[in-house]
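Structure, as structure tokens:
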Amino acid sequence: MSRPASIPALLLRAEQLAGLSLRELAQSFDIPVPTDLRRDKGWVGQLLELALGASAGSKPEQDFPELGVELKSIPIDGRGKPLETTFVSVAPLTDIGGLRWEDSNVRNKLSRVLWIPVLGERSLAPGDRIIGQPLLWSPSEQEEQLLRQDWEEIMELISLGEVQNISARHGQVLQLRPKAANGRALTEAVGRQGQPIMTLPRGFYLKTGFTAALLARHFML
DNA sequence: TCGTGATCATCC
DNA sequence: GGATGATCACGA
């Protein structure tokens, strides 16, 4: 699938997907539909990337760098409530002195997001889930303030060597949680005495209350 | 191993 | 029932 040349073109393409089941979309690309997502957790997101012409790859960049747009699928229930938190980016755990919010990956990724709601409960087979109306979103001043506050607090704790004491309960809208292949995947971080330690890689996630509110704000308009 | 795409499984 | 901590697959 070619890359959309503009934001309106991207939005149009996304709108044309609304109403389709994931099975219908997958079949149009000749992609097999998994029975469940236990071993294909990224299947929905990758299918939508393909359909919308996002750049594949694992670079810490937006999905459409030339458009300044990040693509996120978000599973919602029948009432429009997110079923999961939303992964944003991996958290830097070393060499973070002087890192500012303005230059952070979190802010960069969230500066403009194309949300694609995917309707369905966990009990619903992936192929039966329905693509919803897309939403092109940028944080309001208030939303950005909340994000910034949480990010700065969490990064402060990391820089203090407290990474192992940060739980997902920190932060109002943004949280830090493990982001790893398994419990043996370790990465370098800084301990309480400033010494190097090995710990689970962490990622920033948007809490469901935050994404629920931004979706609700949109769909009530 | 890291960063991408995330959801699973269990606890509270 | 919802959130936390753990985990799955893949490409580079």
Side-chain angles (χ1 to χ4, degrees), chain A residues 1 22 25-26 29 31-65 69-96 104-106 108-110 113-129 131 150 154 163-189 196-213 215:
Chain A
M1 189 62 51
L22 295 180
L25 186 59
F29 289 102
I31 287 176
V33 180
T35 306
D36 60 63
L37 298 179
R38 272 181 298 184
R39 298 200 161 268
D40 295 272
K41 297 183 179 182
W43 183 77
V44 177
Q46 284 157 2
L47 176 61
L48 289 170
E49 282 188 341
L50 182 63
L52 293 172
S55 41
S58 56
K59 303 173 295 297
E61 277 183 350
Q62 291 165 314
D63 295 294
F64 301 93
V69 172
E70 170 74 7
L71 177 66
K72 288 287 177 201
S73 72
I74 181 164
I76 60 172
D77 67 15
R79 298 177 314 188
K81 281 204 60 183
L83 298 171
E84 298 286 349
T85 54
T86 303
F87 172 70
V88 180
S89 64
V90 164
L93 301 182
T94 59
D95 302 318
I96 55 179
S104 68
N105 285 153
V106 173
N108 178 245
K109 292 243 180 137
L110 296 182
V113 179
L114 180 63
W115 296 99
I116 311 282
V118 175
L119 194 57
E121 308 288 340
R122 280 184 175 181
S123 56
L124 193 61
D128 292 331
R129 300 179 191 179
I131 300 168
D150 286 347
I154 290 167
V163 63
Q164 294 185 119
N165 299 307
I166 304 174
S167 82
R169 296 167 189 79
H170 279 86
Q172 298 299 297
V173 300
L174 196 65
Q175 61 183 182
L176 193 75
R177 304 215 314 270
K179 170 63 171 168
N182 54 59
R184 285 130 263 140
L186 300 178
T187 192
E188 188 173 318
I197 60 171
M198 295 304 282
T199 191
L200 234 41
R202 311 299 163 100
F204 284 108
Y205 295 77
L206 295 176
K207 302 180 82 167
T208 53
F210 183 79
T211 48
L215 290 175

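Every chain is numbered from 1, with letters handed out A, B, ... down the list of sequences.
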Check: [X] side chain, [N] base, donor-acceptor under 3.5 Å:
X	N	result
A:Q46	C:dC10	no
A:Y205	C:dA3	no
A:K59	B:dT4	no

Below 4.5 Å, heavy atoms only, C-beta onward: do [X] and [Y] meet side chain to side chain?
X	Y	value
A:D63	A:L114	no
A:H170	A:L176	no
A:V173	A:K207	no
A:R177	A:T85	yes

Rounded to whole Å, please give me the gap between [atom1] in [X] and [atom2] in [N].
X	N	atom1	atom2	answer
A:K207	C:dG5	NZ	C1'	14 Å
A:Q62	B:dG3	CD	P	17 Å
A:L83	C:dA3	CG	P	11 Å
A:N182	B:dA6	CG	P	21 Å
A:I116	B:dG5	CD1	P	13 Å
A:L22	B:dT7	CG	P	11 Å
A:E61	B:dC2	CD	C1'	15 Å
A:R202	B:dT4	CZ	C1'	19 Å

Identify the heavy atoms of [X] and [Y] that sit nearest to each other, and give their distance.
X	Y	result
A:G80	A:L215	O-CD1, 4.2 Å
A:G203	A:Y205	O-CD1, 3.3 Å
A:P201	A:A185	CD-O, 3.0 Å

With a 4.0 Å cut-off on heavy atoms, is [X] in touch with a base, just the backbone sugar-phosphate, or nothing at all?
X	answer
A:P60	sugar-phosphate
A:K179	base
A:A180	base
A:G42	base
A:R169	sugar-phosphate
A:E70	sugar-phosphate

Taking only side-chain N and O atoms of [X], does any of them lie within less than 4.0 angstrom of OP1 or OP2 on [N]?
X	N	value
A:Q175	C:dT4	yes
A:R177	C:dA6	no
A:T208	C:dA3	yes
A:S73	B:dA6	yes
A:S58	C:dC10	no
A:R39	C:dC10	no

Candidates [options] - which lies nearest the side chain of [X]:
X	options	value
A:F87	B:dT7, B:dC8, B:dT4	B:dT4
A:L200	C:dA6, C:dT4, C:dG2	C:dA6
A:V90	B:dT7, B:dT4, B:dG5	B:dT4
A:K41	B:dT4, C:dG2, C:dC8	C:dC8

| message | Can you tell me if A:Q172 has over 12 outside heavy atoms packed within less than 6.0 Å of its CD? | response |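 No.
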Whether over 12 other heavy atoms sit under 6.0 Å from A:N165 CG: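 Check passes, neighbour count above 12.
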- request: Between A:L186 and A:T86, name the one whose nearest nucleotide on DNA chain B is closer to the 5' end.
  value: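 Looking at the nearest nucleotide for each, A:L186 comes out on the 5' side.
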Query - Pairwise 5' ranking along DNA chain B for A:E84 and A:D63, keeping only the more 5' one - result: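 Final value for this comparison: A:D63.
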Return whichever of A:R184 or A:P82 has its heavy-atom-nearest nucleotide of DNA chain C closer to the 5' end.
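That would be A:P82.
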**All stems with DNA chain C, defined as three or more consecutive Watson-Crick or G-U pairs under 3.5 Å** =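 If one scans DNA chain C for consecutive Watson-Crick or G-U pairs, the stems found are B:1-12 with C:1-12.
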